[in-house]
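Naming convention: chains lettered A, B, ... in sequence-line order (proteins, then strands); numbering from 1 in each chain.
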Amino acid sequence: MKLITAYIQPEKLSDVKQALYEAEVFKLSVTNALGCGQQKGYHETYRGVDIEVNLLKKVRIDIAVNEEFTQATIDAIIRGARTGNIGDGKILVTPLEQCIRIRTGDTGPAAIG
Amino acid sequence: MKLITAYIQPEKLSDVKQALYEAEVFKLSVTNALGCGQQKGYHETYRGVDIEVNLLKKVRIDIAVNEEFTQATIDAIIRGARTGNIGDGKILVTPLEQCIRIRTGDTGPAAIG
Amino acid sequence: MKLITAYIQPEKLSDVKQALYEAEVFKLSVTNALGCGQQKGYHETYRGVDIEVNLLKKVRIDIAVNEEFTQATIDAIIRGARTGNIGDGKILVTPLEQCIRIRTGDTGPAAIG
Amino acid sequence: MMSRKFQWLCLTLLGVVAITALPALAEQPPPAAAAKAQPVAATQADITQVNVAINTVWIVVAAALVFFMQAGFGMVEAGFLRAKNTCNILMKNFVDYCSASLMFYVVGYSLMFGGGNGFLGWEGFGIDWAAGTDPSGAGVSHHAYWFFQAAFCGAAATIVAGGMAGRMKFGAYLMYTVVISALIYPIVGHWIWGGGWLAKMDFSDFAGSTVVHATGGIAALIGTILLGARHGKYNGKAKAIPGHNIPIASLGVFILWFGWFGFNAGSQIAVGNGMTVAKIAMNTNIAACCGALAAMLTIWKIGGKPDLSMTMNGALAGLVAITAGCDCMSSVGAMITGTVGGVAVVLSALLLERLRIDDPVGAFPVHGINGIWGTLAIGLFSESSGLFYGHGASQLGIQALGVFSVVGFVLLTMGAVFLLIKKTYGLRVSKQEELRGLDIGEHGMESYAGFQIFTTE
Amino acid sequence: MMSRKFQWLCLTLLGVVAITALPALAEQPPPAAAAKAQPVAATQADITQVNVAINTVWIVVAAALVFFMQAGFGMVEAGFLRAKNTCNILMKNFVDYCSASLMFYVVGYSLMFGGGNGFLGWEGFGIDWAAGTDPSGAGVSHHAYWFFQAAFCGAAATIVAGGMAGRMKFGAYLMYTVVISALIYPIVGHWIWGGGWLAKMDFSDFAGSTVVHATGGIAALIGTILLGARHGKYNGKAKAIPGHNIPIASLGVFILWFGWFGFNAGSQIAVGNGMTVAKIAMNTNIAACCGALAAMLTIWKIGGKPDLSMTMNGALAGLVAITAGCDCMSSVGAMITGTVGGVAVVLSALLLERLRIDDPVGAFPVHGINGIWGTLAIGLFSESSGLFYGHGASQLGIQALGVFSVVGFVLLTMGAVFLLIKKTYGLRVSKQEELRGLDIGEHGMESYAGFQIFTTE
Amino acid sequence: MMSRKFQWLCLTLLGVVAITALPALAEQPPPAAAAKAQPVAATQADITQVNVAINTVWIVVAAALVFFMQAGFGMVEAGFLRAKNTCNILMKNFVDYCSASLMFYVVGYSLMFGGGNGFLGWEGFGIDWAAGTDPSGAGVSHHAYWFFQAAFCGAAATIVAGGMAGRMKFGAYLMYTVVISALIYPIVGHWIWGGGWLAKMDFSDFAGSTVVHATGGIAALIGTILLGARHGKYNGKAKAIPGHNIPIASLGVFILWFGWFGFNAGSQIAVGNGMTVAKIAMNTNIAACCGALAAMLTIWKIGGKPDLSMTMNGALAGLVAITAGCDCMSSVGAMITGTVGGVAVVLSALLLERLRIDDPVGAFPVHGINGIWGTLAIGLFSESSGLFYGHGASQLGIQALGVFSVVGFVLLTMGAVFLLIKKTYGLRVSKQEELRGLDIGEHGMESYAGFQIFTTE
Ligand SMILES: Nc1ncnc2c1ncn2[C@@H]1O[C@H](COP(=O)(O)OP(=O)(O)O)[C@@H](O)[C@H]1O
Ligand SMILES: Nc1ncnc2c1ncn2[C@@H]1O[C@H](COP(=O)(O)OP(=O)(O)O)[C@@H](O)[C@H]1O
Ligand SMILES: Nc1ncnc2c1ncn2[C@@H]1O[C@H](COP(=O)(O)OP(=O)(O)O)[C@@H](O)[C@H]1O
């Protein structure tokens, strides 16, 4: 099992959800995040004083998947999130040793979906 | 060492904390999250226009534990969070290679607790 | 590749960012979190009724790095975040199997930076 | 950088302003006063009409201020609750004012001010009375008087919303609000302000410590008890459930205080030479100040820190307490009345906690306790009939009798109403709905869409 | 624990207060009334001057209330939008009032109230008219009258901001606001209130259902259409974009309602014996209540739950609808007018959705539709000329003609203005800026710094 | 779906309303005017009493408006700070009004308006003066006058809270507030409004640019300097610390503006024929508009974008600036005074940043700088004594002398007070408490419980 974590542009969330849905990935968790990457951020002035904003608004998605869904999930995220502009984001894949459904106590691949 | 991540119903947080406390797990981190799973979400109408809410409010808990605490921690979370209804949530376990206490520089199992 | 996750005191974020910058780590993601650790929390009373606050405000930083940057990144975080007081926080290191840049589709170590 | 396209616009505009305005700089004779009239003598009828005009303007402004208190109630209650129940309380606040206005138009005004017996008025429903001046003797029309009184009725109705917030069904609230504004409030009002039996005994409640606040506060108490505490409030020991938006609550307190100048000073409808209006405004202000400071010091002593929410309750407590006697007390009497009110609100809020009665915004401590205290305070500090001014205890006795009767009447009738609703329609939402919040359950919307909010309890 | 150092301070203070105040308790004679005057006879000139004083105080208070409505508009609009566009709408709300005041000072007042022809006034720019009393016949000075009218002009200007919110360029808004307050509004105003052609036909619009609200509402409609919907609003089926701060919106509605007592009742500038002022206040209140309840029941039936945002729109709808006829209707007429307004606002908001016209705050349903309805309602319910009171349909015909003319005039002129801006400066911000929010794009700041807010759409 | 149980309720209700109201539709005769009086002649005494009534109603309404400004101050200050210090500033705002009222009751009013010498009044503590009319000559009672003046005193006291926000100890603030309202403000007030030495020199400050605003603004400046900047504000180069709730700040500005009509126009207590009241209201409005627009254009030019927070400061700057001369300037004078104020507030705010004086809400630029400018502007634009109206520079000299004296007096006395507190009780909270926020540290509560807020600085 893998844990797929993606940082994407906030306004792309619904597209990514749609793409995942089409790839038959129905379960995910979403967190609000700030990110700092190649995107340079921007300068504001508040009351005439400079203020550099380099932590931009991002959305973080976490999806636990079974091995065989890994690539399909990654592809779906890319399909939904890519615009070709800097700031599109990253996908990180970490190994997942165990998954448990709290309601039933199911474990392992059966508990993912 | 393991990193245990759980998505639970928000209102179960204090029960889970209580259960962990009883299992002598005192350290954890909590994040606000939204989740999409078997729970179908619900429909609202705002100003008469339909609005489908399928990202439900969840709370994410992260706990770094030493190997021998893994099962006890998982059990405690289940004890605190289970209601038997859809939406109770998931527990994910990932391998943790290193843990460092910033204050002292302690590393490894000694730094966890 | 490694995924470095750190929980730090909120007010230390800009120092940590500065330290990371000096260590030539430019990319990171930040999440708002609550934490419960050796720091005991505090008691408030609201309208004369006791209220125990044991989930304290923390900031969570996630950084995906290539192997060779791991130690430098950890050191930088410690430099920025350490005050020597309880509550300074923890750094967790997990293995990262894959990293993909959404914009280009680059994968692996090349996609990290 | 301000865009080029835009700079010309600004410059042109400034130019136009400058050019057009220049002549005015040179000379700008003020408009002439009213055209010179022949020295025809004025009569007392003219003076009377002018006085009616003043009284009408005054009562309409005061009524608007009292209306605005509805916003204050809404903000205080919303701010003291959790985010997930905010739309619900705001909706209740809207709807109770609207239905109170309507009910008070159709039946309430007539039950309250119509001629009738000592218990109830019965005249002129739908405000279609034959020509005649208002009951206050200030010569203003029934329309003006109705407007002022309807706003009072709305205030009495809305007090309950706060105490029962966070778990009461919206439909049940609608039922309650019709009953209180069409029946209970007008009956109490008739007793005291409409020439009823308490009025005949010289029971004194100038602007409504009993009529409005004790009525609302007692109804809130019995409703809260019948409804039960919010889920999670008393698991093991009492748990504080902090309000989610203190700035808005603080704004609400200021709005209430602001409106209270209309509530109290406006109740002196016949302005006359203005002396009483001014005295009332002063007393109202000083009692609120003392109430706030007293509550702050009390909670500071007890809880260890100056709690803002209690301080705000203290200001309101002072206002409620001075409402009955604002016209007949000296300013020192007002200070004492307010100070006692501020202490009382803290102690009674803590007592409610101990009794495990869950009143999230302090509706009973503020309006119930202080409505009673303010009414009794007249018996002590009234310059013309108070015990401490050497007039014996008879006024105090009358005050106690009046308060006792109203409290009993409201307890019984509202208790019956709430019980009836509980047995039939149901008072309380499901646990699941309560946990998720009444905003989504009852109204299908959220108060702060997009905001990240922990709803862990 | 309250610190020691601090306790002495409090105690000392209380002591000082007590000691200084004690003598006052003993005896506190009220200040004497104005010194006893010789019984010199008063003349009608004295009475006139007193009446002018009353009228002036009344109009200044009313104007301040109407000014305060600007805050109400700001809060309602801000609350109904997403957090990321909040500073932008608040800025527009500030700037349109400021520029409306200025423009109305320099040219608008003269075009509206100056002598001229039936279409346009042309007299006394910069308010430097020769001495003379105001156009209302209440004897108040031009300054007072200007202040009152300028606040109305600001209201007409700001209505548009809500409909076009979330995607309109700030610079374009500035241009629009100058045009409407310097030209369009004063011209319409002249027709109806400044002795123009509609005034001569006995077209009736007491406080501005047409002059202010239909003008603003129609301008909002045409602007919204030319601007297009917000990004993501109509991908596939219509998507609701919920407001981000409902408590503040609810406060805004209360502020508007509060200010409306100045708007409507203040329009009766000559207080006289106060009867009309009181009647207007009552009608205004009762129509708003009926509008709110009617809208609540309508959306409840249609959408399944009592939606707070629609209920609030309903209250505003009732207020807009009663604005034209608040002086000439009975209270039952006001109830019906308000009730119909409340139903109409819900239905027309749903119709707009179906037509894919994206009006985030309901500017057109509230102000446009109900401005028109309220104007027509006079033809039905006016006690002196309405169809239902047996006076035939002629007034209704005049009302329809007037509304029709104003709607046509505003559609054409504002349509042309918006088109012109669209072709030259541009009406709409870039998609990128719209997604990130206009607060950052146009003003370089955020509304809720530090708060975690999802901006996923 | 609206539940069945519920539908019958609604229908029944509507039915009841309809049936009861129907007769009223048929005929609803208005209540008769005041009963027909015999044509008895009216005397000048009657007229005087009527005028006193008008003046009293006017001053009470105006005082309520000025009181309401306290809410405006609270919202502006809260909105411009970070979320973690919000309860603290709101608490200060409550408590300074309360203590100012009390102090001004016990000693302040007497020091300010009591007969005495040129420096200080000394008469009638606790407002127990022998019968007599108020110092303003409008015939209103001391109670009315006190209420109005106490609200002014509260305003002067609260200005300081904003400048010193985010790091000042609550206890220290309590001490400061007692001193300024019991001593410093009344003394300055006596000089200018209480018949003191500046009044005798014909120094002119109609509604308090110097008395209230310069006093408060200068106290804020010296306090801010002695307190030092917020932690993290000037590490390396100056860092902006954005306000956390701009909508609420914007509401605060509107509330202040609204209240200012009471502040300025209400200072003309004797309404007379209303001309001056109207003129003041107009000037106040137009100066605020010009201030806002001027500030917007200035910051747009300098910073590249129209910053809302500066625009709001500009409106306040215009209001502060016109306060002194609102009665004696033409409207063009008011426009210029406001415009200069708007530019000045931006430039002085930027200057403070450069000097590393950390004034989070702009208390000194708004109230200090513009209080001074507004006072001097009289010397230039007064129609009866201004330089630009050909009356020479003597008034300007007097104004400069007066402002200079007040600034010096406040700097010295308040500097001494703050230094004393600093050495004994301490002015500033610990760094740890400052980082976590004063809400938790000083009051044990949070402003937005449940909300996710980054407190990273
Ligand atoms: N090495 C990393 N570690 C953690 N988060 C990262 C890393 N690289 C990118 N991110 C996240 O992804 C977001 C987008 O990255 P960015 O470099 O701006 O986009 P792109 O890869 O398209 O150039 C960042 O804002 C950050 O949240
Ligand atoms: N595969 C997954 N990946 C990421 N998060 C998940 C996954 N499955 C479940 N979750 C999280 O757990 C929550 C509860 O899941 P759900 O399927 O509704 O409950 P249950 O397992 O009891 O049926 C979801 O809202 C989501 O946040
Ligand atoms: N085992 C753990 N699992 C998850 N989070 C932890 C763990 N230990 C510490 N943390 C996080 O780190 C923060 C600081 O920990 P704490 O023990 O208070 O500091 P210190 O290690 O300096 O004593 C906690 O608030 C929590 O967010």
Side-chain angles (χ1 to χ4, degrees), chain D residues 5-6 17 20-21 23-24 28-29 31-32 34 37 39-42 46 49-50 52-54 56-57 60-61 64 67-68 70-71 74-75 78 86-87 90-91 94 98 101-102 105 140-141 143-144 146-147 170 248 273 275 297 300-301 304 330 332 443-452, chain E residues 1-2 10 21 24-25 28 30 33 41-48 50 52 54 58 61 82-83 106 125-126 128 131-133 139 141-142 171 242 244-247 250-251 254 258 261 265 271 273-275 277-279 281-282 285-286 289 292-293 305-308 311 425 451-454:
Chain D
K5 282 183 191 175
F6 200 73
V17 171
T20 336
Q28 196 188 44
V40 179
D46 294 319
Q49 154 136 355
V50 165
V52 171
I54 295 174
T56 303
V57 165
V60 168
V61 170
F67 160 77
F68 197 39
Q70 203 73 18
M75 294 304 114
T86 303
C87 284
L90 293 169
M91 187 73 172
F94 263 103
C98 292
S101 265
L102 228 54
Y105 176 87
V140 304
S141 71
H143 290 171
W146 173 85
F147 178 32
F170 182 63
I248 232 175
N273 66 359
M275 298 274 301
L297 293 175
W300 200 338
K301 194 79 206 166
S330 76
V332 174
H443 310 288
M445 58 192 290
E446 283 179 294
S447 300
Y448 302 95
F451 279 85
Q452 283 281 289
Chain E
M1 233 2 71
M2 194 177 348
C10 300
L25 182 60
Q28 194 186 44
T43 66
Q44 285 298 332
D46 294 319
I47 297 291
T48 305
V50 165
V52 171
I54 294 173
W58 173 231
V61 170
R82 280 165 298 176
V106 177
F125 291 91
D128 61 346
T133 115
S141 72
H142 275 300
H244 84 283
N245 197 332
I246 304 299
S250 126
L251 176 63
F254 277 119
F258 177 53
F261 295 120
V271 174
N273 67 359
M275 298 273 300
V277 166
K279 185 187 182 187
M282 182 196 203
N285 189 56
I286 204 95
C289 293
L293 292 179
K305 284 187 177 173
D307 182 289
L308 174 55
T311 308
Y425 182 77
F451 280 84
Q452 283 280 290
I453 305 175
F454 269 110

- Query: If every non-hydrogen atom of D:Ala41 is compared with every non-hydrogen atom of E:Gln44, which pair is closest and at what distance?
  - Reply: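 Residues D:Ala41 and E:Gln44, closest heavy atoms: O-NE2, 3.4 Å.
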- Message: Could you report the tightest heavy-atom contact between E:Ile286 and D:Ser101, atom names first, then the distance?
- Response: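 Scanning both residues, the minimum pair turns out to be CD1-O, 4.2 Å.
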Test item: [X] and [Y] side chains (from C-beta on) under 4.5 Å apart, heavy atoms:
X        : Y        : answer
E:Asn285 : D:Tyr105 : no
E:Pro306 : D:His443 : yes
E:Asn245 : D:Ser447 : no
E:Ile246 : D:Met445 : yes
D:Met91  : E:Ser250 : no

- Greatest number of heavy atom pairs closer than 4.5 Å to chain E - which of D:Ala53, D:Gly450, D:Gly74: D:Gly450
- Query: Any idea which of D:Ala64, D:Ala144, D:Ala78, D:Gly444 has the most non-hydrogen atom pairs under 4.5 angstrom with chain E?
  - Reply: D:Ala64
Point-to-point distance, once rounded to the nearest 0.5 Å, from [atom1] of [X] to [atom2] of [Y]:
X        : Y        : atom1 : atom2 : value
D:Asp46  : E:Asp46  : CG    : CG    : 10.5 Å
E:Phe254 : D:Met75  : CZ    : CE    : 7.0 Å
D:Thr56  : E:Asn273 : OG1   : CG    : 7.0 Å

- Message: One pair to check against side-chain contact (heavy atoms from CB on, under 4.5 Å): D:Gln452 and E:Ile453. What are the steps and the verdict?
- Response: CA-CA 6 Å; D:Gln452 283 281 289; E:Ile453 305 175; over 6 Å; no
- Message: Tell me if a side-chain donor or acceptor on D:His143 pairs with a main-chain N or O of E:Ala278 at a distance below 3.5 Å.
- Response: no
- Message: If you apply the rule side-chain contact (heavy atoms from CB on, under 4.5 Å), what do you find for D:Tyr448 with E:His244, and how did you get there?
- Response: CA-CA 5 Å; D:Tyr448 302 95; E:His244 84 283; over 6 Å; no
- Item | Which atoms of E:Phe451 approach chain D - backbone, side chain, both or neither, heavy atom under 4.5 Å | side chain
- Per-residue contact mode, D:Val60 against chain E (heavy atom under 4.5 angstrom): side chain
- E:Phe261-D:Phe147 aromatic ring centre distance below 6.0 Å: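 Judged by ring-centre distance (under 6.0 Å), E:Phe261 and D:Phe147 do meet the cut-off.
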- Task: Sort out for me which of E:Ile47, E:Asp307, E:Leu308, E:Val271 touches chain D most, counting heavy-atom pairs under 4.5 Å.
- Result: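 Top option by heavy-atom pairs under 4.5 Å: E:Leu308.
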- Taking it one step at a time, do E:Ile54 and D:Val57 satisfy side-chain contact (heavy atoms from CB on, under 4.5 Å)? CA-CA 8 Å; E:Ile54 294 173; D:Val57 165; 4.3 Å; yes
